[in-house]
Amino acid sequence: MKVLVTGAAGFIGSHVVEALRAAGHEVTGLDRRPGAGHVVGDVRDADVLAGLLRRVDAVSHQAAKVGLGSSVADLPDYTSVNVHGTAVLLAAMAEHGVGRLVLASSMVVYGEGAYDCPRHGRTRPGPRAREDLARGAFEPRCPSCGAELAPAAIEEDAPPDPRNVYATTKLAQEHLAANWARETGGTPIALRYHNVYGPRMPRDTPYSGVAAIFRSALEAGRAPRVFEDGRQRRDFVHVRDVARANLAALGSHTPPGALTACNVASGEPHTIGEMATALAAAHGGPDPVTTGEYRLGDVRHIVAAADRATHELGFRARIGFAEGMREFAVAPLGTGDFSEGT
């Protein structure tokens, strides 16, 4: 198969390129940043896309501006890159008859994860109040009765609840891809990445994920600073597993004309405190510090139900938490923030 990979020089994109080529696919890469082996260009440039899409069968769309955003001033850039860029790409795919798309989406479209209330069953709490966070009450409560909630695995059919600009643009990408599919009969698969980590992850920037922040601190000889009480649960998935998920999606037989969304996760939830401790131990210290600090807009727990990716794509993660963290603790980091990775 001939595949165009956008964001090919980025953290995840570079691993996707390697996995596709290792499987025998012919890959063309596109990225804004200069580098060997890919076309330098912007996914928002229809003329560049026209020249590339004439000779491919499918697109793996990894290019995106990532992170939560640092202020409202980020809104135009996020929407330009993630929403407008995807719209330009889809229009060009329709024009040139490219009917298969793998879209890098994210767990952030869900907002908070799934929870069970002992009285009301499955429920989705709203954003946590500043006054609760300030007094160290980090666990969300049932919006109906105020009872403590038990975290559960979130499935792809859960209602979306994006809570920052990045999440909003990821959901917009999915909606655009679904519209493209209905109009063209195309086959889009949205891979909702959970917390991706691994070699070449970008260093600490205002847009970095927590794994990169901790890893950068350790490299600088500083203790990782764990917010809240460190008991926030996540699903940390290795970047090579994410690349394998892209490979599986390109070869899958999902129905055309509609969007298929799949969680891409390890199936092994761990707390952020556990992740910081594992990284610090493998790196040789210093030990993490739990600060009690918080950020408005952060979610408490979000872990994935990973069954759909197995059933629809034949994908299951292979790299376990302990193995992956040992590698990541000493792996080289990348640069920049213009690549997918939640």
Side-chain angles (χ1 to χ4, degrees), residues 9-15 18 33 65-70 106-108 133 136 138 164 166 193-243 264-295 297-304 317-342:
F11 167 44
I12 295 176
S14 64
H15 286 275
E18 289 177 358
R33 292 164 294 188
K65 186 171 180 65
V66 302
L68 300 182
S70 57
S106 173
M107 66 171 191
V108 296
L133 296 171
F138 301 123
N164 56 60
Y166 173 62
Y193 302 157
H194 283 248
N195 288 71
V196 186
Y197 72 97
R200 300 178 217 148
M201 192 172 194
R203 296 176 185 275
D204 183 8
T205 77
Y207 306 95
S208 294
V210 66
I213 293 171
F214 290 169
R215 174 66 175 77
S216 296
L218 289 164
E219 189 171 61
R222 302 190 308 269
R225 295 177 60 82
V226 180
F227 279 16
E228 300 185 18
D229 57 4
R231 296 176 184 170
Q232 309 94 303
R233 297 173 77 237
R234 299 288 188 272
D235 189 307
F236 299 99
V237 58
H238 196 282
V239 66
R240 288 197 297 275
D241 278 331
V242 171
V264 175
S266 70
E268 288 185 61
H270 289 271
T271 69
I272 289 177
E274 288 172 340
M275 188 265 284
T277 298
L279 270 183
H283 194 273
D287 292 337
V289 175
T290 302
T291 69
E293 297 172 85
Y294 62 88
R295 295 188 305 181
D298 278 358
V299 299
R300 180 62 175 173
H301 305 293
I302 180 164
V303 298
R318 295 176 181 169
I319 300 174
F321 179 79
E323 174 192 353
M325 289 298 162
R326 283 194 300 269
E327 178 195 23
F328 182 49
V330 296
L333 298 177
T335 59
D337 61 84
F338 194 80
S339 61
E340 180 60 50
T342 53

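Side chains are part of it too, since the values below use all heavy atoms of this structure and drop only hydrogens, waters and symmetry mates. Since the model is a prediction, treat every value here as computed from it, not as a measurement.
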Inset, instruction - Supply the atom-to-atom distance Glu268 CD to Phe321 CZ, rounded to the nearest 0.5 angstrom. - result: 8.5 Å
Legend entry - CZ-CG distance between Phe138 and Asp298, expressed to the nearest 0.5 angstrom: 11.0 Å
Inset, instruction - Would you give the length of the straight line joining atom CZ of Arg240 to atom CD1 of Ile12, rounded to the nearest 0.5 angstrom? - result: 13.5 Å
Inset, instruction - Answer whether the closest heavy-atom distance between the side chains of Phe227 and Ile272 falls below 4.5 Å. - result: no
Legend entry - Separation between CZ of Arg215 and CE of Met325, rounded to the nearest 0.5 Å: 11.5 Å
Legend entry - Flag side-chain contact, heavy atom, 4.5 Å: Glu293 against Arg225: yes
Inset, instruction - Would you check if the side chain of Asn195 reaches a backbone N or O of Ala211 as a donor-acceptor pair within less than 3.5 Å? - result: no
Legend entry - Heavy-atom closest contact (Pro224 atom, Pro286 atom, distance): CD-O, 3.6 Å
Inset, instruction - May I ask you to test the Arg234-Val303 pair for a side-chain heavy-atom distance under 4.5 Å? - result: no
Inset, instruction - State, with a plain yes or no, whether a side-chain heavy atom of Phe11 is found less than 4.5 Å away from one of Val196. - result: yes
Legend entry - Pairwise distance CZ(Arg222) to CD1(Ile213) - rounded to 0.5 angstrom: 10.5 Å
Inset, instruction - Before giving the answer on side chain to side chain contact (heavy atoms under 4.5 Å, CB included), spell out for Tyr193 and Met107 the whole-Å C-alpha distance, their side-chain angles and the decisive distance to 0.1 Å. - result: CA-CA 6 Å; Tyr193 302 157; Met107 66 171 191; over 6 Å; no
Inset, instruction - Using a strict 4.0 Å threshold on nitrogen-to-oxygen distance, state whether Arg300 and Glu228 make a salt bridge. - result: yes
Legend entry - Phe236 ring center near His194 ring center (under 6.0 Å): no
Legend entry - Considering all heavy atoms, the nearest Val226-Ala276 contact: CG2-CB, 3.7 Å
Inset, instruction - Identify the heavy atoms of Ala329 and Ala282 that sit nearest to each other, and give their distance. - result: CB-CB, 3.5 Å
Legend entry - Beyond-backbone contact of Leu333 with Ser216, side-chain heavy atoms, under 4.5 angstrom: yes
Inset, instruction - To the nearest 0.5 angstrom, please state how far the CZ atom of Arg231 sits from the OG1 atom of Thr290. - result: 9.0 Å
Inset, instruction - Could you verify whether a donor N or O on one side chain and an acceptor N or O on the other, from Glu327 and His238, lie under 3.5 Å apart? - result: yes
Legend entry - Pairwise side-chain contact, Glu274 with Pro288, heavy-atom cut-off 4.5 Å (strictly under): no
Inset, instruction - Taking atom CZ of Arg233 as the centre, report whether more than 12 heavy atoms of other residues, nucleotides or ligands fall under 6.0 Å from it. - result: yes
Legend entry - pair Val239-Arg200: side-chain heavy atoms closer than 4.5 Å: no
Inset, instruction - Over all heavy atoms of both residues, which pair between Ala212 and Pro202 is shortest? Give the atoms and the distance, please. - result: CB-O, 3.1 Å
Inset, instruction - Check whether any side-chain heavy atom of Phe328 lies under 4.5 Å from a side-chain heavy atom of Leu279, and answer yes or no. - result: yes
